[in-house]
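Here the structure comes first, spelled out in C-alpha cells, and everything after it is commentary.
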Amino acid sequence: MSGEKRRENLLKILRESDEPVSGTKLAENFHVSRQVIVQDIALLRAKNHDIISTHRGYVLQEKGNIQRVFKVKHSAEKLLDELNLIVDLGGQVEDVFVYHKLYGVIRVEMNVKSRKDAKRYVDGIYGGVSVPLEQITSEYHYHTVTADSTETLDEIQEELQKQGYLVALRDYEPVDFWSGV
C-alpha cells in the first residue's frame with residue numbers, strides 16, 4: 001500500500017471512530033511502525049487536517065462541522081420521524097436536553113448519525129422502563145445538531161418548521177444554554 005493510500009485510510013479510520021485511536025493500533029492495522037504513523041499524522045496536519053494527539057490516541061477534529069440548537073415539540077410517536085428527518089438531511093443529533101425552570105438544563109448525549117442509530121435510540125427508550133426526557137417539560141425539548149454546512153442546518157431547520165416540530169424560544173429561556181453550565 002502506498003503512503004498516500006495509507007494516509008487516506010488513516011483519515012477514514014479517524015473520521016469513523018467515536019473515540020481516540022492509538023498510534024500503536026494504527027501501526028498494527030497498516031503493518032508499519034509507530035514512527036511511520038507519527039510521520040503520516042504530521043503530513044496530514046501539513047495538509048490542514050486538524051488531528052489532535054491525546055493520551056489515548058489521535059482524534060480528527062472535523063473542520064466544517066458546525067452546530068445549531070433546535071427547540072422542538074412533538075408527541076412520543078413522532079420521535080423516530082424527527083430523528084430520521086434530521087439524519088436524512090445530513091445532520092447528526094448530538095444530544096437531547098430540556099430546560100426546566102427549577103432544575104435548569106438536563107442533557108443526555110445521543111450521537112445519532114443514521115437511521116440505524118435513531119432506531120436503536122428509540123428502541124432503547126421504549127424497550128425499558130424509561131420515558132423520553134421531554135416528558136418532564138410537556139414535550140418541549142432541544143437538540144444540538146451538527147452538520148457540514150450552514151446550508152444543511154438551514155435545510156434541517158426549514159423541514160422541522162414544515163413538519164410543525166420547530167418551536168420559538170420563550171422569554172425565560174437562555175439563548176446560550178451552556179454558559180455557566
Side-chain angles (χ1 to χ4, degrees), residues 8-21 44 47-52 58-100 104-128 130-179 181:
E8 285 176 24
N9 288 333
L10 192 151
L11 275 174
K12 184 175 189 262
I13 289 169
L14 293 177
R15 274 191 189 104
E16 293 174 355
S17 179
D18 292 332
E19 56 190 38
V21 182
L44 290 168
K47 290 186 174 187
N48 293 322
H49 293 285
D50 191 9
I51 301 172
I52 60 171
Y58 296 107
V59 176
L60 178 63
Q61 300 285 42
E62 291 283 3
K63 291 181 182 179
N65 263 6
I66 55 174
Q67 67 181 23
R68 187 176 296 169
V69 172
F70 295 108
K71 180 181 180 185
V72 293
K73 180 182 180 186
H74 55 76
S75 65
E77 294 80 29
K78 293 289 188 175
L79 176 58
L80 185 60
D81 291 333
E82 174 208 32
L83 295 175
N84 284 339
L85 180 156
I86 293 168
V87 299
D88 287 351
L89 292 172
Q92 176 174 325
V93 184
E94 301 295 337
D95 60 18
V96 60
F97 63 97
V98 295
Y99 179 75
H100 192 277
V105 175
I106 304 169
R107 177 183 179 270
V108 176
E109 286 189 36
M110 293 177 67
N111 298 316
V112 173
K113 304 173 193 171
S114 65
R115 281 180 168 257
K116 182 178 178 180
D117 291 343
K119 178 140 178 32
R120 186 179 307 126
Y121 178 81
V122 171
D123 288 349
I125 288 287
Y126 295 113
S130 297
V131 295
L133 189 58
E134 59 266 16
Q135 286 193 0
I136 67 170
T137 55
S138 303
E139 298 176 342
Y140 290 99
H141 59 287
Y142 310 80
H143 291 295
T144 305
V145 176
T146 57
D148 61 352
S149 69
T150 303
E151 292 78 18
T152 299
L153 290 173
D154 289 345
E155 189 177 356
I156 291 167
Q157 183 170 331
E158 185 178 314
E159 196 57 36
L160 286 169
Q161 182 70 43
K162 280 182 190 174
Q163 297 300 319
Y165 295 147
L166 209 54
V167 182
L169 291 176
R170 297 244 171 118
D171 292 338
Y172 63 85
E173 294 173 300
V175 174
D176 180 5
F177 289 94
W178 309 120
S179 61
V181 175

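I66 has its side chain within reach of T150: a pair of non-hydrogen atoms, C-beta onward, lies under 4.5 Å apart. Taking the side chain as every heavy atom from C-beta outward, R107 and V96 never approach each other to under 4.5 Å. Looking at heavy atoms from C-beta onward, V21 lies in side-chain contact with L14 at the 4.5 angstrom threshold. Between M110 and L83, some side-chain heavy-atom pair lies under the 4.5 Å cut-off. Using a 4.5 Å cut-off on side-chain heavy atoms (C-beta onward), H141 and K73 make no contact. For the pair I156 and E159, the minimum side-chain heavy-atom distance is 4.5 Å or more. Counting only heavy atoms from C-beta outward, the side chains of F70 and V145 approach each other to under 4.5 Å. Put simply, the side chain of L166 does not reach to within 4.5 Å of the side chain of K71, judged on heavy atoms.
Checking side-chain atoms of D95 against main-chain N and O of T144 turns up a donor-acceptor pair under 3.5 Å. Without hydrogens or angle criteria, H74 side chain to Y165 main chain gives no donor-acceptor distance under 3.5 Å.
Considering all non-hydrogen atoms of both residues, T152 and G91 come closest at CG2-N, 4.5 Å. In this structure, A118 and N84 approach most closely via the heavy-atom pair CB-OD1, 3.6 Å.
Looking at S17 and E19, their side chains never bring a donor and an acceptor atom within 3.5 Å of each other. Checked by atom type, the side-chain pair Q161/Q163 shows no donor-acceptor distance below 3.5 Å. No hydrogens or angles considered: a donor-acceptor pair under 3.5 Å links the side chains of E94 and T146.
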Next item on the list: Evaluate side chain to side chain contact (heavy atoms under 4.5 Å, CB included) for L10 paired with L44, printing each intermediate quantity in order.
Entry: CA-CA 9 Å; L10 192 151; L44 290 168; 3.7 Å; yes

Next item on the list: For the pair V69 and F97, evaluate side chain to side chain contact (heavy atoms under 4.5 Å, CB included) and give the outcome as yes or no after the intermediate values.
Entry: CA-CA 10 Å; V69 172; F97 63 97; 3.7 Å; yes

Notebook entry, point to check: Where do V167 and V72 land on the side chain to side chain contact (heavy atoms under 4.5 Å, CB included) test, with the steps shown first?
Noted result: CA-CA 5 Å; V167 182; V72 293; 5.5 Å; no

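Between H143 and the choices Q92, E82, R68, the side-chain contact (heavy atoms from CB on, under 4.5 Å) rule is met once, by E82.
The structure places CG of L11 at 13.0 Å from OH of Y58, a figure rounded to the nearest 0.5 Å. Rounding to the nearest 0.5 Å places CD of E155 at 9.5 Å from CG of L85. Remark: K119 NZ to L80 CG distance equals 7.5 Å, nearest 0.5 Å. Of the inter-residue distances, the one linking L153 atom CG with I86 atom CD1 reads 10.0 Å to the nearest 0.5 angstrom. The CD1 atom of I52 sits 9.5 Å away from atom CG of L60, with the distance rounded to the nearest 0.5 Å. One distance of note links CD of Q157 with CG of L89; it measures 12.5 Å at 0.5 Å rounding.
Electrostatic pairing of E8 and K12 does not count as a salt bridge here, judged by no charged N lying under 4.0 Å from a carboxylate O. Comment: K113 does not engage D117 in a salt bridge, judged by the lack of any side-chain N to carboxylate O separation of less than 4.0 angstrom.
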